[in-house]
Amino acid sequence: MTKAGSNLKLDGDGKPIWLLLELTYQCPLKCAFCSNPLAFDQTRDQELSTDEWKRVMREARALGALQIGFSGGEPTLRKDLEALVGEATDLGFYTNLITSGIGLTVRRLEALRDAGLKHIQLGFQSSDRHTANLLAGVDSFDRKLAIAKEIKALGFPMVLNVPITRQNIAQVPDIIRLASRLGVEYLELANVQYYNWALVNREQLLPSRAELERAEAEVNRARDQLGDSMTIFFVIPDYYEGRPKACMNGWGSIHLTIAPDGAALPCSQARSIDSLSFPSVRDHSLSWLWHQSPAFQAFRGDSWMREPCRSCDERERDFGGCRCQAMLLTGDARNTDPACSKSPHHGIVRQAIAQAEQPRDGGGPLIARDAGFGCGGK
Ligand code: SF4
Ligand code: FES
């Protein structure tokens, strides 16, 4: 079977063209919407070595991987980041650094540029210092602003990635103005997806439909004013769409994440599916992991689907939605993503939306990402 509108196959013959290397789960920030596992600190002593990461990149390139993202946690905590970027460049990858900016210096940026780094995605929480520091869980706004200017001064193409929550959604016009002043090429106003830490904080983070509609109108106004000078991405969250997103373009289709300890994952959230085990690149070749491991086979194609997806004519568009969201919200990854209005579990999402529509009294406190919280959990 091929996907609608593409020649990519879903039967395991596809290539992992989009490779994400989560070099470490360690991070100086404590973002309340962090997508890392709740028990992120459990892999602390098991991170892959420089040579192991280099082998992963060589094997991925041989499998047809084209684009590589260095991510985390905070990837700049790895002292060997420049060496890894250099290896990726030599192998012919298009390289992207996904960073909070904390830990970057002009000297490191120059070294990364010399190693061939092509692109930087800088995470930003808000245009307002108080809100930014609240969402990040630590004082970081001023340092981030400074490094954003340094990234642009060195000529890197940059996407400013701002996770949107109810705390910062009213600041969207200011965030757009800030991004425009910084001269970024792309601004991603990324409505938070509710996994892991964001799910823990969902009641505090999820904006209302009215807030989303106001933000969307502001984005459209800004797009008209700014023309081609900056591209703004803004997608209404799947909770409000009635249809799930085509997560990862289909499970095991084009995306491969390698976790800090070497676990090969069809997406970076996949460890939330506790019925699957995810073997490591330490024990298997990447080719075996991609083509044959049970974890990658589990939801490839559509033979795993239950009703209503099995007989739905939209299944080649969204692949039944997100397996991790189905797991986290319904307890079974084989269920239809409850973001879909056809799902028998859609009431879970409707309830979360109804809560977001309630009048605010400031809400409860945000739970900052912290070691120890997830012990015994995911
Ligand atoms: Fe997609 Fe399944 Fe919903 Fe159909 S029923 S729209 S395939 S999630
Ligand atoms: Fe894992 Fe969607 S995040 S399938």
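If you read the sequence from its start, that first residue is 1, and numbering goes on from there. What you see below is based on every heavy atom in this structure, not just the backbone, and it leaves out hydrogens, waters and symmetry mates.
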### Message
Salt bridge or not between R107 and E110? Use side-chain N to carboxylate O under 4.0 Å.
### Response
no
### Task
Heavy atoms only: give me the nearest L117-F156 pair and the separation to one decimal.
O-CE2, 3.4 Å
### Message
Using the rule given for side chain to side chain contact (heavy atoms under 4.5 Å, CB included), can you reason through L145 versus L178, listing the C-alpha separation, both sets of side-chain angles and the distance that settles it, and then say yes or no?
### Response
CA-CA 10 Å; L145 195 55; L178 174 71; 3.8 Å; yes
### Task
Using the rule that two of Ile, Leu, Val, Met, Phe, Trp, Tyr join whenever any of their side-chain heavy atoms come within less than 4.5 Å, decide whether L77 and L109 are in one cluster.
no
### Distance, nearest 0.5 Å, that separates CD1 of I164 from CD of Q125
10.5 Å
#### Entry: Ionic contact status for R177 with D174, cut-off 4.0 Å
yes
#### Entry: Test item: V184 and M230 side chains (from C-beta on) under 4.5 Å apart, heavy atoms
yes
### Task
Could you go through the side chain to side chain contact (heavy atoms under 4.5 Å, CB included) check for C322 and K245 one step at a time?
CA-CA 7 Å; C322 174; K245 59 188 185 302; 4.2 Å; yes
### Task
State plainly whether the residues K152 and E185 are in salt-bridge range, i.e. N to O under 4.0 Å.
yes
### Query
Taking C-beta and beyond as the side chain, do I258 and L286 meet within less than 4.5 Å on heavy atoms?
yes
## Note on the structure
Between G64 and I17, the two heavy atoms sitting closest are O-CG2, 3.7 Å
### Query
Do the side chains of I232 and E188 get nearer than 4.5 Å, heavy atoms only?
no
### Task
May I ask you to test the I98-N161 pair for a side-chain heavy-atom distance under 4.5 Å?
no
## Note on the structure
When every non-hydrogen atom of A60 is compared with those of L19, the smallest separation belongs to CB-CD2, 3.5 Å
### Task
Measure across K144 and F124 and return the closest heavy-atom pair with its distance rounded to 0.1 Å.
CB-CE1, 3.6 Å
## Note on the structure
For W288 and P279, the nearest pair of non-hydrogen atoms, with its separation, is CZ3-CG, 4.2 Å
### Query
Between W251 and F278, what is the ring plane arrangement, given parallel below 30°, perpendicular above 60°, and tilted in between?
tilted
### Task
State plainly whether the residues E52 and R282 are in salt-bridge range, i.e. N to O under 4.0 Å.
yes
### Task
Flag the pair S126 / Q167 as yes when at least one side-chain heavy-atom distance between them is below 4.5 Å, and no otherwise.
no
#### Entry: Worked check of side chain to side chain contact (heavy atoms under 4.5 Å, CB included) between R369 and C27
CA-CA 10 Å; R369 166 191 144 122; C27 183; 3.6 Å; yes
### Task
Evaluate the criterion side chain to side chain contact (heavy atoms under 4.5 Å, CB included) for residue pair L84 and M57; output intermediate values, then yes/no.
CA-CA 9 Å; L84 297 178; M57 287 191 275; 4.0 Å; yes
### Query
Given the rule that I, L, V, M, F, W and Y join up when any side-chain heavy atoms are under 4.5 Å apart, are I169 and I175 in one cluster?
yes
### Query
According to a 4.5 Å side-chain heavy-atom criterion applied to Ile, Leu, Val, Met, Phe, Trp and Tyr, with indirect links allowed, do Y240 and V192 form part of one hydrophobic cluster?
yes
### Task
Measure the acute angle between the ring planes of F299 and W304, then classify it against the limits of 30° and 60° as parallel, tilted or perpendicular.
perpendicular
### Task
Treating Ile, Leu, Val, Met, Phe, Trp and Tyr as nodes and any side-chain heavy-atom pair under 4.5 angstrom as an edge, say whether L63 and I68 lie in one connected cluster.
yes
### Query
Below 4.5 Å, heavy atoms only, C-beta onward: do I147 and T99 meet side chain to side chain?
no
### Query
Can you check whether N335 reaches H345 side chain to side chain, under 4.5 Å on heavy atoms?
yes
### Message
Check whether E203 reaches the backbone of Q355 with its side chain - one donor and one acceptor, N or O, closer than 3.5 Å.
### Response
no
### Query
Rounded to the nearest 0.5 Å, how far does CD1 of I176 lie from CG of L189?
5.5 Å
### Distance, nearest 0.5 Å, that separates CD of Q171 from OG1 of T165
8.5 Å
### Query
Side chains of S272 and Q269: do they bring a donor and an acceptor to under 3.5 Å?
no
### Stepwise salt bridge (charged side-chain N to carboxylate O under 4.0 Å, His left out) test for E82 and R108
CA-CA 8 Å; E82 291 82 345; R108 284 202 88 183; 2.8 Å; yes
### Message
Looking at M305, is its backbone amide N or carbonyl O close enough to the side chain of R310 to form a donor-acceptor pair, meaning the two atoms are under 3.5 Å apart?
### Response
yes
### Query
For the side chain to side chain donor-acceptor pair (under 3.5 Å) test, which of R350, H346, R243 pairs with S341?
R243
### Query
Does a side-chain heavy-atom distance below 4.5 Å link L205 with L135?
yes
### Between T257 and H255, a side-chain donor and acceptor under 3.5 Å
yes
### Query
Any chain of hydrophobic side-chain contacts (each under 4.5 Å) joining Y94 to L21?
no
### Task
Check A148 against L182 and note the closest heavy-atom contact, atom names and distance.
CB-CD1, 4.0 Å
